[in-house]
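Working notes, beginning with the structure itself.
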Amino acid sequence: MIYVQNLSKAFDGFPALTDLDLCVQKGSIYGLIGTNGAGKTTILRLLAGVLIPDRGKILIDETPVFDNEELKQRISLVSDDLYFPAGTSLFDMGKFYQDIYIGWNQKKFETLIALFGLDDKKTIRSFSKGIKKQAAFTLALSTSPDYLFLDEPIDGLDPVARKLVWKLIVDEVAEKQMTVLVSSHNLSEMEGICDSIGIISKGRMHLEKELDAMKSKMNKVQVSFGTSGCPDSVLQNLHILHQESKGSVELLIIHEKAARIREVIEAEQPLLFDLLPLTLEEIFIYELGGEDDEIKKILL
Ligand SMILES: Nc1ncnc2c1ncn2[C@@H]1O[C@H](COP(=O)(O)OP(=O)(O)OP(=O)(O)O)[C@@H](O)[C@H]1O
């Protein structure tokens with residue numbers, strides 16, 4: 001588990017992070033969302049022990065991370081700003097990592113190279129931006145980390161590589177309870193991946209939400225009662241956050257559990273009734289009433 005309390009970090013007097021609290025449960029995927037300069041990279045670098053906090057607490061499995069080599073063996077950070085030594089190939093980097101990381105898994109390394117279709121003999125610096133990212137992700141996952149920190153991991157990747165990266169992450173979380181912290185500019189990129197979302201704004205935690213809890217208490221419904229429209233019993237007995245009509249079909253966003261919605265609507269014998277999945281964007285828009293500037297920026 002990751003536990004962060006009152007974390008602050010300034011660069012040359014500029015407050016990059018201020019009194020940030022964060023909690024990530026073991027075996028979960030946490031999405032850090034924010035605009036450029038919000039402080040996402042700074043959080044990931046502090047959590048990976050690359051930077052020293054000015055103030056506050058960072059505990060991973062109840063242990064401070066900075067200068068803790070044993071703990072750092074179990075952490076992998078894929079930075080947004082990738083660095084590979086001149087002339088090194090993925091094969092060379094694999095050998096280098098093998099000597100450093102106790103958890104290095106050569107078989108997994110070879111499998112991932114094949115899955116991404118990477119050339120392990122070519123100099124990594126000659127790879128395109130997206131392929132470099134795939135190489136860095138391959139190296140990180142091959143260290144068998146308990147904690148994987150990913151800074152904009154799918155930025156610049158083609159759709160096939162994006163899908164593969166997410167699949168590999170989700171598989172690893174399911175198989176070995178890996179804990180993942182992933183940053184992005186865009187809320188919709190995190191669709192279907194994250195268990196929790198933290199929205200960072202100007203170095204502060206703006207909003208933090210656990211998605212399953214939000215999803216279970218909010219539902220989207222497509223319903224039709226013919227030309228008579230939605231009966232009063234439905235409109236009055238359910239907490240409707242949004243309603244729009246397309247002909248005789250109503251689209252409703254309802255702040256109730258699915259079972260309660262079903263009970264109220266089915267009692268009125270609708271001609272059409274479908275419970276539809278809510279997107280991450282819809283959850284945030286309707287939960288916050290659509291008035292939140294920070295949410296608007298990350299939805300664009
Ligand atoms: N090494 C540094 N020296 C000076 N300022 C820094 C340094 N690292 C970060 N900052 C500043 O701290 C703030 C937060 O930067 P950070 O890189 O964490 O944001 P970010 O959310 O990751 O942004 P982006 O999405 O653009 O990568 C920015 O204003 C940035 O200019």
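Predicted, not measured: the structure shown is a model, and the values here were computed from it. Counting starts at 1 for both ligands and their atoms, in listed order.
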Quick check against the 3.5 Å criterion: does S28 have a side-chain atom that pairs as donor or acceptor with the backbone of D195? no

N or O contact, [X] vs ligand 1, cut-off under 3.5 Å:
X: G34; result: no
X: K40; result: yes
X: A16; result: no

Closest heavy-atom pair, L157 versus R162, reported as atoms and distance to 0.1 Å, is O-NE, 3.0 Å

Nearest heavy-atom neighbours spanning V173 and V180: CG2-CG2, 3.7 Å

Exercise: do S79 and D151 side chains pair donor with acceptor under 3.5 Å: no

How far is [atom] from its nearest protein heavy atom, and which residue and atom name does that atom have?
atom: atom 23 (O) of ligand 1; value: G37 N, 2.7 Å
atom: atom 16 (P) of ligand 1; value: T42 OG1, 3.6 Å
atom: atom 6 (C) of ligand 1; value: F11 CD1, 3.3 Å
atom: atom 27 (O) of ligand 1; value: T41 OG1, 3.8 Å
atom: atom 19 (O) of ligand 1; value: G39 N, 3.2 Å

Applying side chain to side chain contact (heavy atoms under 4.5 Å, CB included), run through I124 and K132 and close with a yes or a no. CA-CA 7 Å; I124 303 178; K132 271 189 200 138; 4.2 Å; yes

Qualifying residue for side chain to side chain contact (heavy atoms under 4.5 Å, CB included) with F66, from L46, V50, I52: I52

Partner of L77 under side chain to side chain contact (heavy atoms under 4.5 Å, CB included), chosen from L150, L148, L44: L44

A student checking ligand 1 against F14 at a 4.0 Å heavy-atom cut-off should list atoms 12 (O), 13 (C), 29 (O)

At less than 4.0 angstrom from any non-hydrogen atom of A38, what atoms of ligand 1 do you find? 19 (O), 20 (P), 21 (O)

For T138 and F116, run side chain to side chain contact (heavy atoms under 4.5 Å, CB included): C-alpha distance rounded to whole Å, both residues' side-chain angles, the deciding distance at 0.1 Å, then the answer. CA-CA 9 Å; T138 294; F116 282 110; 3.4 Å; yes

Mark whether atom 14 (C) of ligand 1 lies under 4.0 angstrom from at least one protein heavy atom. yes

Using protein heavy atoms only, decide if any is under 4.0 Å from atom 31 (O) of ligand 1. no

Tell me, with the steps shown, if E69 and Q73 meet side chain to side chain donor-acceptor pair (under 3.5 Å). CA-CA 6 Å; E69 287 314 314; Q73 278 282 338; over 6 Å; no

Contact between ligand 1 and T35 is defined here as a heavy atom of the residue under 4.0 Å from a ligand atom; is it met? yes

Closest to atom 26 (O) of ligand 1 by heavy-atom distance, out of N36, D151, L46, is N36

